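All values derive from a computational prediction rather than experimental measurement. Computed over heavy atoms, backbone and side chain alike; hydrogens, waters and symmetry mates excluded.
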Amino acid sequence: MFDLKEFQQRREQLLASMSVGIAIIPTALEAIRNRDSHYPYRFDSYFYYLTGFKEPESLLLLVAGDNPKSILFCRDKDIEREIWDGFRFGADAARETFGFDEAYSINELDAIVLKLLANQPKLYCSLGENTSWDARVMGWMNTLRAQARSGVSAPDNISDVRKLMDEMRLFKSPFEIDLMRQSANIAASAHNRAMQYVGSNFTRPNMMEYEIEAEFLHEFYRKGAQAPAYTSIVASGANACTLHYNANNAKLNNGDLLLIDAGCELEGYASDITRTFPVNGKFTPVQKDVYELVLAAQAAAISQVKPQSHWNAPHEAALDVLVQGFIDMKLCKGSKDAVLESGDYRQFYMHRTGHWLGLDVHDAGEYKESKSKDKLDNWRMLEPNMTLTVEPGCYIRPADNVPEAFWNIGIRIEDDVLVTHNGCEVLTKNAVKTVADIEAIMANR
């Protein structure tokens, strides 16, 4: 799952966009969980996007201009440390394997950066991302400024390298799309597995939300994913009305709905799926009505995922269906325009309908055109090879203005969608979601 040319082309594209100057892009720092135990390490997405290199204590330096080059700094090859911590490439092997022009020990970083940064007109970095790296970059800048009487200058222009890379990352290559399809298929399999597991065990007392999370983790790792893409939400009953619930420690009760928002990460690329289904395998009439409303809203939104639709079109389409449904169910009062104007619908639907998806679950990329003079309505247009989620929902908490039959119904349906030249492709289509299919898979039919 590694394409050397893919990463080399990305570096070349960024160097061309820079034109002149130097870019400093470190990977993520290792983080202590407690005492001498670390959190599982995960590389920085921007660094990985340009390198494909997964080791910590690494940094990419790009020098633009007439003789552009890419330089990796990484840990030394150290057989003794490998006994404890695992394989290390070392500079020489990393340069050859990953196609860098040069590679050096991370211990040589200060000396080499100062030499290459001197007299550069522009510095590209990610100030504000990490305070320790901010301090180190400013230290380099101040060291160069102190050499002014020797004719040495520091860059007088500092730009955020993420601005250039966000636009690159917004458009997925065939290599990336293939990985995202695989990630989506693994996650879809896990959602189907969860439905089957609950369907065959719902009569067992004291079945817990974390048991269902365990089924997801098993399927993720069994199919080759490296990790969950985010902390899974396994929310039953009233918990499904908490958007970012993740305690996952409540008992599943007969008659409740179970909302699961879970995806996996494959070679850095995330999937993000939400499905909602009845614990006992059969929707009640009220649950079915609300579920069908959310499903219709999602269908309307997906129909707007196509070239020349603007980013907000799927949200507007979903909202139009949901608001009419709330009125028909007497959850909201008045005309559709009046409910939209007042925002009364936000009692039941309070979030947006999607986000970019890729190396990050909430992936890089602007949602509005920064060059537009109209800041109120300048949503960017969707274009082929963009990937996003479509995830309308409905969350009905107990309230005086809500009939009791609707209380504690929380439903969200989320899919990962690729914009194509002719419309869109639902990458997560293998995760069942119609009422009939959900009830059938839970009944093992």
Side-chain angles (χ1 to χ4, degrees), residues 2 4-16 18 20-30 41-127 129-130 132-147 152-155 158 161-162 164-165:
F2 179 80
L4 176 60
K5 290 183 180 179
E6 177 88 10
F7 296 97
Q8 289 176 318
Q9 288 168 357
R10 293 173 187 171
R11 295 195 292 270
E12 291 168 1
Q13 183 179 347
L14 180 56
L15 282 163
M18 291 165 56
V20 296
I22 188 169
I24 297 171
I25 305 163
T27 194
L29 299 174
E30 293 180 290
Y41 182 73
R42 204 274 188 180
F43 44 77
D44 175 78
S45 294
Y46 289 99
F47 173 85
Y48 180 76
Y49 180 78
L50 294 172
T51 65
F53 194 68
K54 297 180 180 180
E55 291 185 18
E57 298 182 72
S58 303
L59 178 141
L60 175 66
L61 194 150
L62 297 176
V63 182
D66 294 336
N67 298 298
K69 58 182 176 180
S70 61
I71 305 170
L72 177 74
F73 294 85
C74 64
R75 300 180 301 184
D76 291 319
K77 185 71 175 174
D78 188 329
I79 300 300
E80 170 118 8
R81 287 313 312 169
E82 289 184 41
I83 294 172
W84 293 90
D85 302 326
F87 176 77
R88 297 182 178 193
F89 275 94
D92 291 339
R95 183 190 68 252
E96 182 176 349
T97 303
F98 295 87
F100 297 104
D101 297 307
E102 300 173 16
Y104 300 99
S105 165
I106 193 70
N107 298 320
E108 300 179 71
L109 179 62
D110 289 331
I112 295 175
V113 166
L114 285 172
K115 179 180 177 181
L116 294 175
L117 191 58
N119 302 316
Q120 286 286 350
K122 194 167 187 176
L123 169 62
Y124 292 87
C125 59
S126 302
L127 287 178
E129 179 73 15
N130 182 279
S132 62
W133 275 115
D134 287 352
R136 198 162 182 182
V137 170
M138 289 300 98
W140 293 329
M141 294 286 284
N142 289 333
T143 297
L144 293 175
R145 289 187 180 115
Q147 300 175 30
V152 176
S153 65
I158 301 178
V161 70
R162 293 169 296 187
L164 296 176
M165 292 183 65

Student check: side-chain heavy atoms of Thr51 and Phe100 closer than 4.5 Å: yes
Could you work out, with side chain to side chain contact (heavy atoms under 4.5 Å, CB included) as the rule, every residue matching Glu30, not counting sequence neighbours? His38, Tyr41, Pro56, Glu57
For the atom pair OG1 (Thr143) and CG (Leu117), what is the distance rounded to the nearest 0.5 Å? 10.0 Å
Kindly give the heavy-atom pair with the smallest separation between Asp44 and Ala28, and that separation in Å. CB-N, 3.4 Å
Would you say that more than 12 heavy atoms from the other residues, nucleotides or ligands in this model lie under 6.0 Å from the CG of Asn67, or not? no
Listed by chain and number, what are the ring-ring contact (aromatic ring centres under 6.0 Å, His included) partners of Phe43, not counting sequence neighbours? Tyr48
Check Ala94 against Phe53 and note the closest heavy-atom contact, atom names and distance. CB-CE1, 4.0 Å
Quick check on Glu82: does its CD atom have over 12 non-hydrogen neighbours (other residues, nucleotides or ligands) under 6.0 Å away? yes
For a 4.5 angstrom cut-off between non-hydrogen side-chain atoms, does Ile106 reach Cys74? no
Report yes if the side chains of Ile158 and Val137 come closer than 4.5 Å at any heavy-atom pair, otherwise no. no
Under 6.0 Å between ring centres: does that hold for Phe98 and Phe89? yes
Might you point out which heavy atoms bring Ala103 and Arg95 nearest each other, and give the distance in Å? CB-CB, 3.7 Å
Side chains of Asp110 and Arg136 in contact at under 4.5 Å (non-hydrogen atoms): yes
Can a donor-acceptor pair be found, under 3.5 Å and without considering hydrogens, that links the side chain of Asp101 to the backbone of Ser70? yes
Atom CG of Leu60 and atom CZ of Arg11: how far apart are they, to the nearest 0.5 Å? 6.5 Å
Applying side chain to side chain contact (heavy atoms under 4.5 Å, CB included), run through Met141 and Leu123 and close with a yes or a no. CA-CA 10 Å; Met141 294 286 284; Leu123 169 62; 4.0 Å; yes
Step-by-step side chain to side chain contact (heavy atoms under 4.5 Å, CB included) determination, Leu109 to Trp140: CA-CA 11 Å; Leu109 179 62; Trp140 293 329; 4.0 Å; yes
When rounded to the nearest 0.5 angstrom, what distance separates OH in Tyr124 from CZ in Arg162? 14.5 Å
Partner residues of Leu4 under the side chain to side chain contact (heavy atoms under 4.5 Å, CB included) criterion, sequence neighbours left out: Phe2, Gln8
Is Asn130 reaching over with its side chain to a backbone N or O of Ser132, donor-acceptor style, under 3.5 angstrom? yes
Exactly one of Ser58, Pro26, Ser126 should register a side chain to side chain contact (heavy atoms under 4.5 Å, CB included) with Phe47. Which one does? Ser58
Looking at side-chain heavy atoms only, is the closest gap between Val63 and Gln120 below 4.5 Å? yes
Working to the nearest 0.5 Å, report the span between CD1 of Ile24 and CH2 of Trp133. 8.5 Å
Side chain proximity check, Val161 to Leu14, heavy atoms < 4.5 angstrom: yes
Which pair of heavy atoms, one from Leu144 and one from Leu114, lies closest together, and at what distance? CD2-O, 3.7 Å
If I take atom CG from residue Leu116 and atom CG from residue Leu62, how far apart are they, to the nearest 0.5 angstrom? 11.5 Å
Using only atom types and a distance under 3.5 Å, with no angle test, would you say the side chain of Arg10 pairs donor to acceptor with the backbone of Leu50? no
What's the spacing between Phe87 CZ and Ile79 CD1 if we round to 0.5 Å? 8.5 Å
Side chain to side chain contact (heavy atoms under 4.5 Å, CB included), that's the test. Do Met138 and Leu127 meet it? Break it down for me. CA-CA 10 Å; Met138 289 300 98; Leu127 287 178; 4.2 Å; yes
Would Arg88 and Glu55 count as a salt bridge (charged side-chain N to carboxylate O under 4.0 Å, His left out) here? Give the steps. CA-CA 8 Å; Arg88 297 182 178 193; Glu55 291 185 18; 5.8 Å; no
